[in-house]
Chemist: 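Sharing a structure below in structure tokens format, with a few things to ask.
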Amino acid sequence: MKMMKLMTIGLVSAASAALLTGSDSEPLALVQDGKLAARLECGNTPAELLASNEYYRIVKAVTGCEVDAAAQAAAPNRIVIKITGDPEANDEIRIVRDKTTIGLVGNNARCAAGAMYRLLEEVGCRWYWADKDGEYLPSERKNLSVGTLDIHERAAFKYFQLSTHPVQEKYRFLAHNRANMLMRRTRGFWDWGCSGHWGGHSFGAFVPDGKGYRNYEDLFKDEPECFALWKGKRVKDQHCYSNPRTREIFLKFMDDFWNKHEKEDLVMNLSALDTPVYCTCENCKKYGDSSTLYFSFLNFLITETEKKHPGHLYDSYAYSFYLSPPQCKVHPNLMVTYCQYNRCYKHALGDTNCTMNVRSLKAVKDWWTKLDHMPDIYGYHYDAFDWPKALLLPIWDVFQDEIQWCRKGGIRFYKTEFYGSDCTKAKVQRFSSYALLKLFWNPDLDMDALMTEYTDRVFGKAGPEMKAYWKLLAKSWSKDMCIGGYGNKPGPFSSALMTKDVKAEANRLFAAAREKVAEGTRERTEVEAEFGYFTDWADITRSRDEWTAIADNSDPKRVAALKAAEPAEVLYPQPGKKNRPTAISWEPEVIKDKDGKFAG
């Protein structure tokens with residue numbers, strides 16, 4: 001690992017040096033007196049072309065300069081994008097310059113293009129959250145230049161992502177902040193050269209061609225023997241992994257998949273349907289336990305597929321009925337991603353007073369022993385609560401602690417779920433998600449300084465008050481009761497977070513912030529947005545506090561209001577929720593870790 005890192009750095013550095021000669025002591029103009037002064041020279045990969053378009057879009061938006069072919073030809077300075085180094089190593093960029101040329105170097109196309117977004121940060125561009133209004137550009141001006149440049153950055157992990165469904169504005173946010181993997185690639189959306197990740201609980205897609213099957217449920221109707229025997233009957237909610245026909249179907253699907261995607265940068269996900277059901281037929285029972293049954297099946301699929309399609313990488317989860325390590329070995333081409341829903345999202349992983357995290361680390365250590373390396377990590381931080389609105393989670397310090405832990409362990413792949421296709425919910429978590437993307441590139445960044453920059457830019461003169469508010473929430477969040485898993489009801493946690501003192505101080509800070517930024521300004525709009533997120537938490541706490549007062553009869557006025565209310569009156573309205581389907585063919589059961597304690 002260390003030798004590969006040194007080789008990669010050497011190649012990138014050598015390529016940078018080959019591009020440049022001369023001095024970088026004077027500012028290098030990108031735009032001068034309203035005219036384009038630096039043209040871009042790059043290859044024709046989609047990532048490089050996208051970076052080129054973004055460069056010209058932004059300099060024109062800021063300065064009003066022309067960026068057509070004639071303007072580019074007349075520009076005296078150059079920005080040169082070059083791809084060199086080991087494309088299989090962690091993402092790496094280098095930015096250097098001399099008197100007339102800026103060199104942007106990366107060890108693959110997305111990094112070379114990412115170096116452009118990093119350069120644009122040097123002139124004041126930021127992409128703070130996943131929506132159009134999350135882009136912050138420099139103020140309008142006629143001149144744009146850069147000073148001394150000597151930037152060298154290397155990502156902490158091979159793959160890293162905020163797991164989301166295809167949404168153009170989220171893709172822009174991820175591209176500009178240099179995430180490097182997508183859940184899936186989709187035509188018509190941004191292509192910044194990211195690695196593709198196909199599938200998630202993917203076995204539902206493994207159906208035979210040519211029979212008109214829409215999904216696994218259609219296959220179940222025709223071939224129920226391919227599915228799990230559960231409590232004495234075949235159910236559609238999982239497959240029978242020992243059945244020869246199941247194996248035939250799966251191998252054919254994988255063969256067809258790689259015939260179509262052989263040359264693409266893809267990781268193929270192999271994972272069971274999202275239920276705790278597993279097959280208990282006599283042949284499946286022979287594997288001894290459900291996790292060994294599952295990973296033995298994956299080993300078989302990869303080993304057989306390797307004969308025709310060697311060298312591909314796969315991933316699966318340690319999750320549900322296969323949460324614990326199996327008795328069998330795990331195929332070396334399979335990345336095992338530990339679903340860490342048994343960790344606490346409030347406390348540092350090394351906090352020995354947090355019993356959840358002590359147990360979570362033990363479970364990861366069990367996998368580490370099995371694999372001879374740390375498993376990759378799948379997070380559920382933003383899924384902590386089941387509530388119609390996203391609730392602000394002040395977890396940036398939790399993220400930094402976790403990313404440093406993952407770097408120390410040497411993982412390859414880190415991801416956490418990020419609200420599917422909803423940009424409105426994503427904005428609620430704007431600072432923590434932005435900070436996480438920055439941590440992927442620098443786990444040791446100064447979080448306090450990053451927050452200062454963020455709040456000063458987004459909230460203007462109200463920045464100090466908004467920073468104080470975020471730090472107030474983070475301090476309150478880190479205390480008392482643990483929270484883990486996903487889909488928790490927020491009520492019990494709201495009282496611990498939104499104490500009377502916290503609410504009083506938060507209201508004081510918002511009042512002070514409003515005094516500093518005028519109504520109708522961009523800064524005031526964002527202060528009010530943040531106040532709305534605060535109110536969402538405070539309203540939950542208010543309703544709980546009032547019901548507590550009613551219960552102990554300490555609020556006679558509220559008791560009187562209840563007595564006077566009409567039978568159908570809604571006293572505490574809650575945003576509407578969509579009903580979820582309840583027709584399942586299995587009975588829920590508790591999932592346990594290897595030590596027999598509750599896991600999910």
Side-chain angles (χ1 to χ4, degrees), residues 12 15-85 93-127 132 135-151 153 168 171-172 175-178 188-194:
V12 173
S16 306
L19 288 171
L20 309 173
T21 58
S23 171
D24 64 353
S25 58
E26 298 296 326
L28 188 152
L30 306 181
V31 178
Q32 189 165 7
D33 298 328
K35 293 183 179 180
L36 185 70
R39 65 184 184 274
L40 186 63
E41 299 176 7
C42 66
N44 61 359
T45 67
E48 291 172 276
L49 295 176
L50 181 62
S52 175
N53 290 339
E54 282 296 275
Y55 168 68
Y56 288 125
R57 175 184 73 84
I58 288 169
V59 296
K60 183 174 183 177
V62 173
T63 69
C65 70
E66 294 297 326
V67 295
D68 57 19
Q72 294 177 36
N77 300 326
R78 301 187 306 151
I79 303 173
V80 181
I81 292 180
K82 187 173 181 61
I83 302 169
T84 189
I93 68 166
R94 185 75 190 271
I95 305 176
V96 290
R97 56 153 291 200
D98 63 13
K99 188 174 182 180
T100 61
T101 304
I102 299 172
L104 306 179
V105 184
N107 62 318
N108 54 53
R110 68 172 167 264
C111 288
M116 169 56 74
Y117 308 135
R118 182 64 183 83
L119 174 67
L120 289 169
E121 287 184 343
E122 289 294 299
V123 298
C125 299
R126 295 292 186 275
W127 296 272
K132 291 180 180 178
E135 179 175 77
Y136 280 69
L137 302 181
S139 59
E140 293 185 5
R141 62 194 66 185
K142 292 298 180 181
N143 295 289
L144 204 61
S145 63
V146 294
T148 300
L149 292 172
D150 188 7
I151 298 170
E153 297 177 353
Q168 188 75 291
Y171 279 17
R172 291 175 187 268
H176 285 128
N177 288 299
R178 296 180 286 149
F189 286 77
W190 271 37
D191 182 356
W192 69 95
C194 59

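Note: hydrogens, waters and symmetry copies are ignored here, and every other heavy atom, side chains too, is used.
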Chemist: Does some side-chain heavy atom of V96 sit less than 4.5 Å from a side-chain heavy atom of L149?
Modeler: no
Chemist: Between CD1 of I102 and CD of E41, what distance do you get to the nearest 0.5 Å?
Modeler: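 With rounding to 0.5 Å, CD1 (I102) is 12.0 Å from CD (E41).
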Chemist: Roughly how far, to the nearest 0.5 Å, is CG of L28 from CD1 of I79?
Modeler: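 The CD1 atom of I79 sits 8.0 Å away from the CG atom of L28.
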Chemist: Taking all non-hydrogen atoms of both residues, which atom of P138 and which atom of C125 are closest, and how far apart?
Modeler: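 Looking at all heavy atoms of both residues, the closest pair is CD-SG, 3.8 Å.
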Chemist: Could you state the interatomic distance from CG (L50) to CE (M116), rounded to the nearest 0.5 Å?
Modeler: 11.0 Å
Chemist: What's the separation between atom CD in E121 and atom OH in Y136, rounded to the nearest 0.5 Å?
Modeler: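 If I round to the nearest 0.5 Å, the distance is 15.0 Å.
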Chemist: Any idea which heavy atoms bring A29 and A38 closest together, and the distance?
Modeler: O-CB, 3.7 Å
Chemist: Please work out whether the ring planes of Y117 and H176 are parallel, tilted or perpendicular, with thresholds of 30° and 60°.
Modeler: perpendicular
Chemist: Hey, does the side chain of R97 reach the backbone of G147 with a donor-acceptor pair shorter than 3.5 angstrom?
Modeler: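 Yes; at least one donor-acceptor contact below 3.5 Å.
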Chemist: Report yes if some heavy atom in the side chain of L104 is under 4.5 Å from a heavy atom in the side chain of I93; otherwise report no.
Modeler: no
Chemist: I'd like to check the side chain to side chain donor-acceptor pair (under 3.5 Å) partners of Q32; sequence neighbours left out, ordered by chain and number.
Modeler: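 With neighbours one apart ignored, the set is empty.
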Chemist: Using the test salt bridge (charged side-chain N to carboxylate O under 4.0 Å, His left out), find all partners of R178 that sit at least two apart in sequence or belong to another chain.
Modeler: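 For R178 the salt bridge (charged side-chain N to carboxylate O under 4.0 Å, His left out) partners, ignoring immediate neighbours, are E153.
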Chemist: Within the 4.5 Å heavy-atom criterion, are L30 and N77 side-chain neighbours or not?
Modeler: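 In short, these two side chains do not touch, never coming nearer than 4.5 Å.
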Chemist: What pairs meet the salt bridge (Lys or Arg N to Asp or Glu O under 4.0 Å) rule with one or both residues in residues 101-114, with sequence neighbours excluded?
Modeler: D91-R110, R110-D265
Chemist: So which of R141, K142, R57, E140 actually passes side-chain contact (heavy atoms from CB on, under 4.5 Å) with V62?
Modeler: R141
Chemist: Indicate the atoms forming the closest heavy-atom contact of C111 with G106, along with that distance.
Modeler: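 Taking C111 first and G106 second, the nearest heavy atoms are CB-CA, 3.8 Å.
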Chemist: Minimum heavy-atom separation for C42 to S52, with atom names?
Modeler: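 In this case the closest contact between C42 and S52 is SG-CB, 4.2 Å.
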Chemist: Atom CG of L40 and atom CG of N53: how far apart are they, to the nearest 0.5 Å?
Modeler: 9.5 Å
Chemist: Can you list the residues that meet the side chain to side chain donor-acceptor pair (under 3.5 Å) rule with T45, with sequence neighbours excluded?
Modeler: E48
Chemist: Looking only at heavy atoms, what is the nearest atom pair of V59 and C65, with distance?
Modeler: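 Here V59 and C65 meet closest at O-SG, 4.0 Å.
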Chemist: Please enumerate all residues that pass side-chain contact (heavy atoms from CB on, under 4.5 Å) together with P46, with sequence neighbours excluded.
Modeler: D191
Chemist: Sub-3.5 Å donor-acceptor pair from the side chain of R94 to the main-chain atoms of V105, do we have one?
Modeler: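 Judged by distance alone, no pair lies under 3.5 Å.
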Chemist: Which pair of non-hydrogen atoms, one from T63 and one from V31, has the smallest distance, and what is that distance?
Modeler: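 Nearest heavy atoms, T63 then V31: OG1-CG1, 3.6 Å.
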Chemist: So I95 and E122, side chain to side chain contact (heavy atoms under 4.5 Å, CB included) or not? Walk me through it.
Modeler: CA-CA 11 Å; I95 305 176; E122 289 294 299; 5.9 Å; no
Chemist: Is there any side-chain hydrogen bond (donor to acceptor under 3.5 Å, both in side chains) pair reaching into residues 66-76, and which pairs are they, with sequence neighbours excluded?
Modeler: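 Applying side-chain hydrogen bond (donor to acceptor under 3.5 Å, both in side chains) to every pair that reaches into residues 66-76, excluding sequence neighbours, yields Y56-Q72.
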Chemist: For D33, does its backbone N or O pair with a side-chain atom of N143 as donor and acceptor, under 3.5 Å?
Modeler: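 Side chain of N143 to backbone of D33, a donor-acceptor pair under 3.5 Å: yes, one is there.
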